[in-house]
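Presented below is the structure to which this report refers.
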2 protein chains.
Amino acid sequence: MVVESARARTLSHVDPAEVPLQTALDALADPVRRSILRDLASHDDWTRACGTFDLPVKKATASHHFAVLRSAGLIEQRDEGARRLNRLRREEFDRSFPGLLSATVDRAD
Amino acid sequence: MVVESARARTLSHVDPAEVPLQTALDALADPVRRSILRDLASHDDWTRACGTFDLPVKKATASHHFAVLRSAGLIEQRDEGARRLNRLRREEFDRSFPGLLSATVDRAD
DNA sequence: CATAGTGTTCGATCCTTGTCGTACAGTTAT
DNA sequence: ATAACTGTACGACAAGGATCGAACACTATG
């Protein structure tokens with residue numbers, strides 16, 4: 001029988017439909033977070049652990065950014081051993097905010 | 001002969017095509033500014049002076065928000081007597097950031 | 001001219017948030 | 001068990017920006 005680890009149990013995900021536009025825009029208005037999203041958009045789901053992103057910030061800051069993205073309904077996270085894998089919630093987010101991801105992530109700065 | 005007033009001469013407008021995505025997102029991420037844009041979107045061009053908006057901030061703050069919107073290429077302003085009239089730069093902005101205005105302004109919060 | 005109206009500019013203040021170091025928890029490997 | 005690795009939590013700090021009052025410039029009106 002497979003049991004969730006205590007660490008994974010603390011991972012709460014929000015329904016993108018419940019996310020206020022303000023929260024979504026605040027999340028998307030940071031360049032480091034957009035960089036994370038673009039990276040996710042160009043790879044298969046669940047193939048990128050938090051530590052595999054090439055970011056211009058320390059790991060404590062990176063961890064903060066992943067938490068912001070998760071609480072804005074932009075990414076989903078899943079623990080796999082010591083790693084935390086990520087997935088862009090493209091479809092769900094697009095349903096709540098049509099065109100927003102496309103206008104901000106599928107695009108150069 | 002019609003001469004621009006000294007006040008109008010100081011009004012500089014940017015080309016939305018030259019606006020960085022970061023600047024556009026920063027401008028759109030404020031609720032007071034989105035309120036201004038929605039108001040403009042629902043009225044004819046050049047019919048709304050700065051003072052005619054019902055905003056929850058004092059006039060000094062409102063003036064700041066209009067300046068931010070202008071420097072982000074989101075609005076155009078023109079002086080008419082003592083009033084400063086506004087216009088949403090819908091088409092130009094859409095050309096540079098397709099879908100962004102639609103996703104943030106043509107929508108409730 | 002004097003007064004009222006419209007909007008900007010300038011400091012000052014306050015609050016948010018991005019950033020980091022450190023400590024900690026859980027996992028994997030030796 | 002010990003060590004290395006992955007990621008989070010917490011406290012502190014600094015920078016940016018939203019806010020306001022007051023002073024100012026320009027315009028319109030009496």
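If you're wondering where the values come from, they're calculated on a predicted model, not measured in any experiment.
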Give the rounded distance in Å between these two atoms: [atom1] of [X] and [atom2] of [N].
| X | N | atom1 | atom2 | value |
| --- | --- | --- | --- | --- |
| L11(B) | dT6(C) | CG | P | 18 Å |
| Q77(B) | dG7(C) | CD | P | 9 Å |
| E80(A) | dC5(D) | CD | C1' | 16 Å |
| L69(B) | dT8(C) | CG | P | 12 Å |
| Q22(A) | dT17(C) | CD | C1' | 14 Å |
| D26(B) | dT17(C) | CG | P | 13 Å |
| L28(B) | dG17(D) | CG | P | 15 Å |
| L85(A) | dT6(D) | CG | C1' | 11 Å |

Which residues pass the side chain to side chain contact (heavy atoms under 4.5 Å, CB included) test with [X], sequence neighbours left out?
| X | result |
| --- | --- |
| A17(B) | D15(B), S96(B) |
| D44(A) | T47(A) |
| E91(B) | R95(B) |

*How does the hydrophobic cluster around W46(B) look, that is, which other residues are in it when side-chain heavy atoms under 4.5 Å mark a link?*
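Answer for W46(B): L85(B).
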*Among residues 41-68 of chain B, which contact DNA chain D at a heavy-atom distance under 4.0 Å?*
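DNA chain D contact set from residues 41-68 of chain B: V57(B), K58(B), A60(B), T61(B), H64(B), H65(B).
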_Filter on salt bridge (Lys or Arg N to Asp or Glu O under 4.0 Å), then keep only pairs touching residues 20-35 of chain A, sequence neighbours left out; what's left?_
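Qualifying pairs: R34(A)-D109(A).
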*Considering only heavy atoms, which members of residues 30-40 of chain A lie under 4.0 Å from some atom of DNA chain C?*
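Residues of residues 30-40 of chain A that come under 4.0 Å of DNA chain C are, in numerical order, D30(A), R33(A).
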*Is R90(A) salt-bridged to D106(A), cutoff N-O under 4.0 Å?*
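A salt bridge is present here (some side-chain N lies under 4.0 Å from a carboxylate O).
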Cut-off 3.5 Å, no hydrogens considered: what does the side-chain donor-acceptor table look like for residues 51-62 of chain B, sequence neighbours left out?
| residue | atom | partner | partner atom | Å |
| --- | --- | --- | --- | --- |
| T52(B) | OG1 | R48(B) | NE | 3.3 |
| T52(B) | OG1 | R48(B) | NH2 | 3.2 |
| T52(B) | OG1 | A49(B) | N | 3.4 |
| T52(B) | OG1 | A49(B) | O | 2.7 |

_Tell me if a side-chain donor or acceptor on R38(B) pairs with a main-chain N or O of T104(B) at a distance below 3.5 Å._
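Pair found, side chain donor or acceptor close to backbone of T104(B).
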*Mind checking salt bridge (charged side-chain N to carboxylate O under 4.0 Å, His left out) for E76(A) and listing every partner two or more places apart, or none if nothing turns up?*
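E76(A) satisfies salt bridge (charged side-chain N to carboxylate O under 4.0 Å, His left out) with R87(A) once adjacent residues are dropped.
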*asked:* From C-beta outward on R84(B), which listed nucleotide comes closest to its side chain: dT6(C), dG7(D), dT8(C)?
replied: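 Among the listed nucleotides, the one closest to the side chain of R84(B) is dT8(C).
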